[in-house]
Amino acid sequence: MPELPEVETVRKGLEQLVLNKKIKEVLVAWDRIIERPNIEDFTNQLIGEKIDSVSRRGKYLIFHLTHYDMISHLRMEGKFDYVQPDTSVTKHTHVRFIFTDHTELRYLDVRKFGRLTLLPKNTAMDYKGIKKLGPEPTPEEFLLESFNQQLKKHHKAIKPLLLDQTLITGLGNIYVDEALFKAKIHPEQTANTLTFDEVTRLHVAIINVLAQAVEAGGTTIRSYKNALGEAGTFQVNLMVYGKTGEPCPNCGTEITKIKVAQRGTHFCSLCQRIHL
DNA sequence: AATACTACCTGCGTGC
DNA sequence: TGCACGCAGGTAGTAT
């Protein structure tokens, strides 16, 4: 489920539910979810660890434990579920963190793309996937001039460039379509051909789209009962994503769906025009 | 170095 | 009803 707003919502949920819990046992049902170390070390090293805090960088969650940093990436469908003792184990439950009070944090993932990585304390920022991330999409960290300079270096469609996480972190397939629509930029416009006006609009659109989604608690497309961060959340009002054939909120033209870099892409062919 | 394609998985909707 | 196929909120590895 996760782009930045959804991951942030999960982070807040975790901080409400599992802070100061002490791990008694860890059970892994699908080995490949654990990226590092091996399963035996992963499960053994976590025993006795306490969850001090949960932070986020881009779409990565970082559990700050007594002696370790545990990184979690939900990829396409990963979810956390916090359950009471003796709750039956459902299909797609791949990792169970059992606490000393017998409650559990469970990791569920239909497609098994998500990953958990256990690293020495305070080394999460050196993790390969996190190190390459661009700035967080906030006005303080995501700077227009720098963004403009970076875009000039790339002869590639703007949409896949924004999905790459290196110029800016946090956008995924939904919010990138929404941001490009807001900025009135065609998803296949080559990055280094964007005018300064367009870059300025895009910069603001990215910050606003993600901030509003965080405010709303993220967007749930396929809802999963009981999953952390998905219960009772407000839906973000999407303008183009999943709106194929519906009228554009600006001009009434039917929203078009095409494929860009293998991803479904929604846009208004009148408001978002390619130019030289 | 930058870009493009594929693999990783399961489930669901669609069309024949 | 059954089956094949395409599609799904992401990233990492490999090839060019």
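Just so it is clear, the model here is predicted, and its values are computed rather than measured. Chain naming here is simple, since letters A, B, ... match the order of the sequence lines and numbering starts at 1 in each.
- For the OP1/OP2 pair of dA1(B) and a distance below 4.0 Å, the side-chain nitrogens and oxygens of Lys153(A) include no atom meeting the criterion.
- Between Glu77(A) atom CD and dC12(B) atom P there is a gap of 10 Å when expressed in whole angstrom units.
- Nucleotide dA8(C) holds its P atom 13 Å from the CZ atom of Phe113(A), rounded to whole Å.
- Counting to the nearest Å, the P atom of dA12(C) and the CD1 atom of Ile130(A) are 10 Å from each other.
- dT6(B) and dG6(C) have their P atoms separated by 13 Å, with the value rounded to a whole Å.
- Close to dT11(C), at under 4.0 Å from its OP1 or OP2, lies no side-chain N or O of Lys132(A).
- For the pair Arg115(A) and dT11(C), the criterion of a side-chain N or O lying under 4.0 Å from OP1 or OP2 is not met.
- For the OP1/OP2 pair of dG6(C) and a distance below 4.0 Å, the side-chain nitrogens and oxygens of Lys257(A) include no atom meeting the criterion.
- The separation of dA7(B) from dC5(C), taken at their P atoms, amounts to 16 Å, rounded to a whole angstrom.
- Using modelled atom types, one side-chain atom of Glu6(A) and one backbone atom of Glu3(A) make a donor-acceptor pair closer than 3.5 Å.
- A ring-centre distance under 6.0 Å is found for Phe63(A) and Phe80(A).
- You'll find that the side chain of His154(A) is closest to dA2(B), out of dA2(B), dC9(B), dG13(C).
- For the atom pair Ser72(A) OG and Leu14(A) CG, the distance stands at 8.5 Å (nearest 0.5 Å).
- In terms of heavy-atom proximity, Val176(A) sits nearest to Asn173(A) at CG1-O, 3.5 Å.
- In this structure, Met76(A) places its CE atom 16 Å from P of dC12(B), rounding to the nearest Å.
- In plain terms, the two heavy atoms of Met125(A) and Ile130(A) that are nearest each other are SD-CG2, 3.8 Å.
- Proximity note for Arg75(A) (side chain, C-beta onward) versus dT10(B), dT11(C), dA4(B): the nearest is dT11(C).
- Computed from coordinates, the Lys259(A) NZ to dG6(C) P distance equals 9 Å when rounded to whole Å.
- Sequence order on DNA chain B of the closest nucleotides to Arg32(A) and Gln262(A) puts Gln262(A) first from the 5' end.
- Between His73(A) and dT11(C) there is a side-chain N or O to OP1 or OP2 distance below 4.0 Å.
- Atom CD1 in Ile33(A) sits roughly 15 Å away from atom P in dT11(C) (whole-Å rounding).
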